[in-house]
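Take a look at the structure below.
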Amino acid sequence: MALEDAKTQVDQAFTRDSLRGLSFENAFGGATSFLRRRYTKDLTGVDVAVTGIPFDQAVTHRPGARFGPRAIREASTLQAFDPPYGWGFDPLSVMNVVDYGDLAFDYAAVRDVPARIEAHLGTILDAGAAPVTLGGDHFVTLPILRAVAARRGPVALIQFDAHSDTWVDDDPDRIDHGTFLYKAIREGLVDPAASVAVGIRTDNPDTMGVTILDAPSVHQGGVEATLARIRDTVGDGPCYLTFDIDALDPAFAPGTGTPVWGGLASWQAAALLRGLAGLDLIGGDVVEVSPPYDTTGATAIAGAHVAVELIALLGWNRR
């Protein structure tokens, strides 16, 4: 296939006849699934299922992350034509990747949402697929980790973020984007000794044993030193990666609920993600893209790139 196929290729989200391969329909037209993958609820033979959780409850400042999955899908149409640059392989040619669509939930029954997220991700995992989730605020990672841990036990966590999200929260009924990791550790979903948070630049009195590689340490020590610390901490066991888009400096991703200056540049995030190739990654998410606060679309573009890198990381050992 090539660009001339745009003359006849359209709506690949529904019309593509294979779960593998690139797509060449016009970026400005057609049904906007993630990377023009087939929209399907049939997970038979699927290696990676991209899914959206359009949920935000009470972010610190700017609501709107519920629109993140839609914006990220639209931004991904710019990346559907070519393999991700620099990887040396095309993950869409070595894996069956689909768009599993969004989580369905009653917006007026907020208390039901955590269990619905856990069940939704459980369906993906039970089918043998690795999940790549588009959020949504950062709370959504907690029920995702519940689904993962129910099947794999406690996992290592790689967290890209401006905030460590381990503020004390012992109320099991609270649905809070800023305490997902506190609860995940207290529930035994995450092994803190094998977990690392990268890009942190807010104070927190207790990081619960998670290794903190704050933004200044990345800037001063460099990418390679940061990667060495991540690898030493995570080890060879299964790991899950969560990427809060506010890990990036607001200059690169202004459309987020909790922007904090001094963050990672997009090139640093790209190099760090790529440097994780070979780890036993079992899934990941990108959260807190809030498009109403970024009319340029740069934040959604960054989110789409993160999701593509997650897919490439999942495909690395299959290439």
Side-chain angles (χ1 to χ4, degrees), residues 59-62 65 135-142 144-145 155-169 176-186 189-235 239-276 279 284-290 299 302-303 306 309-310:
V59 294
T60 305
H61 180 48
R62 299 163 161 180
D137 73 41
H138 216 158
F139 168 79
V140 306
T141 304
L142 176 59
I144 292 172
L145 288 171
V155 296
L157 183 73
I158 303 172
Q159 176 188 0
F160 286 82
D161 209 325
H163 316 86
S164 61
D165 291 340
T166 55
W167 285 282
V168 175
D169 182 2
D176 191 323
H177 76 291
T179 63
F180 90 89
L181 186 51
Y182 176 88
K183 290 184 174 179
I185 293 172
R186 289 292 296 267
L189 313 177
V190 167
D191 177 4
S195 298
V196 59
V198 184
I200 304 301
R201 50 198 189 276
T202 51
D203 287 329
N204 191 328
D206 185 3
T207 56
M208 303 184 73
V210 174
T211 296
I212 303 297
L213 303 179
D214 64 12
S217 76
V218 178
H219 299 325
Q220 295 163 16
V223 168
E224 292 305 319
T226 304
L227 285 170
R229 290 287 306 280
I230 295 173
R231 288 182 171 276
D232 286 346
T233 303
V234 172
C239 62
Y240 182 89
L241 192 153
T242 181
F243 196 109
D244 187 326
I245 206 68
D246 70 24
L248 300 180
D249 189 87
F252 299 91
T256 185
T258 47
V260 184
W261 78 338
L264 303 180
S266 57
W267 71 264
Q268 290 173 309
L272 288 168
L273 286 169
R274 191 150 303 185
L276 300 177
L279 292 181
D285 61 59
V286 54
V287 298
E288 305 229 355
V289 172
S290 190
T299 309
V306 170
E309 295 297 292
L310 289 173

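Computation of the quantities below employed the complete heavy-atom set of this structure, encompassing side-chain atoms and omitting hydrogens, waters and symmetry-equivalent molecules. Because the structure is a prediction, the values reported are computed rather than measured.
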Check your understanding: If you look at every heavy atom in Val223 and Ala271, which pair is closest and at what distance?
Key -> CG1-CB, 3.9 Å
Review point. Are the side chain of Thr166 and the backbone N or O of Asp206 linked by a donor-acceptor pair below 3.5 Å?
Key: yes
Check your understanding: Hey, is the main chain of Ala247 close enough, under 3.5 Å, to the side chain of Asp244 for a donor-acceptor pair?
Key -> no
**Study point:** pair His177-Thr60: side-chain heavy atoms closer than 4.5 Å
**Key:** yes
Check your understanding: Rounded to the nearest 0.5 Å, what separation is found between the CD atom of Gln220 and the CG atom of Asp214?
Key -> 8.0 Å
Practice item. Provide the closest heavy-atom pair for Gly235 versus Leu279 in the form atom of the first, atom of the second, distance. Key: O-CD2, 3.8 Å
Point to revise | Asp246 side chain to Ala162 backbone, donor-acceptor under 3.5 Å | key: yes
Review point. Atom CG of Leu264 and atom CG of Asp161: how far apart are they, to the nearest 0.5 Å?
Key: 10.0 Å
Review point. Between Leu248 and Phe243, is any pair of side-chain heavy atoms under 4.5 Å apart?
Key: yes
Exercise for review: Indicate yes or no: at least one non-hydrogen side-chain atom of Leu227 is less than 4.5 angstrom from one of Leu276.
Suggested key: yes
Review point. What's the spacing between Leu181 CG and Thr141 OG1 if we round to 0.5 Å?
Key: 9.5 Å
**Study point:** Side-chain heavy atoms of Thr258 within contact of Thr202, under 4.5 Å
**Key:** no
Point to revise | Closest approach of Tyr240 to Asp285 (non-hydrogen atoms, all atoms of both residues) | key: OH-OD2, 2.7 Å
Exercise for review: Please answer whether the main-chain N or O of Trp261 pairs with a side-chain N or O of Arg201 as donor and acceptor at a distance below 3.5 Å.
Suggested key: yes
Point to revise | Shortest non-hydrogen contact from Ala253 toward Thr256 | key: O-CG2, 3.8 Å
Exercise for review: Taking the side chain as every heavy atom from C-beta outward, state whether Pro254 and Thr299 have any pair of such atoms under 4.5 Å apart.
Suggested key: yes
Review point. Got a donor-acceptor contact below 3.5 angstrom from the Ser195 side chain to the Leu157 backbone?
Key: yes
Point to revise | Approximate separation, where rounding is to 0.5 Å, of Arg186 CZ and Asp169 CG | key: 10.0 Å
Review point. Just wondering, more than 12 heavy atoms not from Arg229 lying within 6.0 Å of its CZ?
Key: no
Practice item. Mind listing the closest non-hydrogen atom pair of Gln268 and Val218 along with its distance? Key: NE2-CG1, 4.0 Å
Exercise for review: Looking only at non-hydrogen atoms, find the nearest pair between Ser290 and Ala65 and report the distance.
Suggested key: OG-N, 3.7 Å
Review point. Under 4.5 Å between any side-chain heavy atoms of Arg62 and Pro259, yes or no?
Key: yes
Check your understanding: Is the closest side-chain heavy-atom distance between Leu272 and Phe160 below 4.5 Å?
Key -> yes
Revision key, fill the gap. NE2 of His138 to CD1 of Ile245, rounded to nearest 0.5 Å, is 11.0 Å
Check your understanding: Would you say Asp191's side chain and Val155's backbone share a donor-acceptor pair under 3.5 angstrom?
Key -> no
Revision key, fill the gap. Rounded to the nearest 0.5 angstrom, the CD-NE2 distance for Glu288 and His163 is 8.5 Å
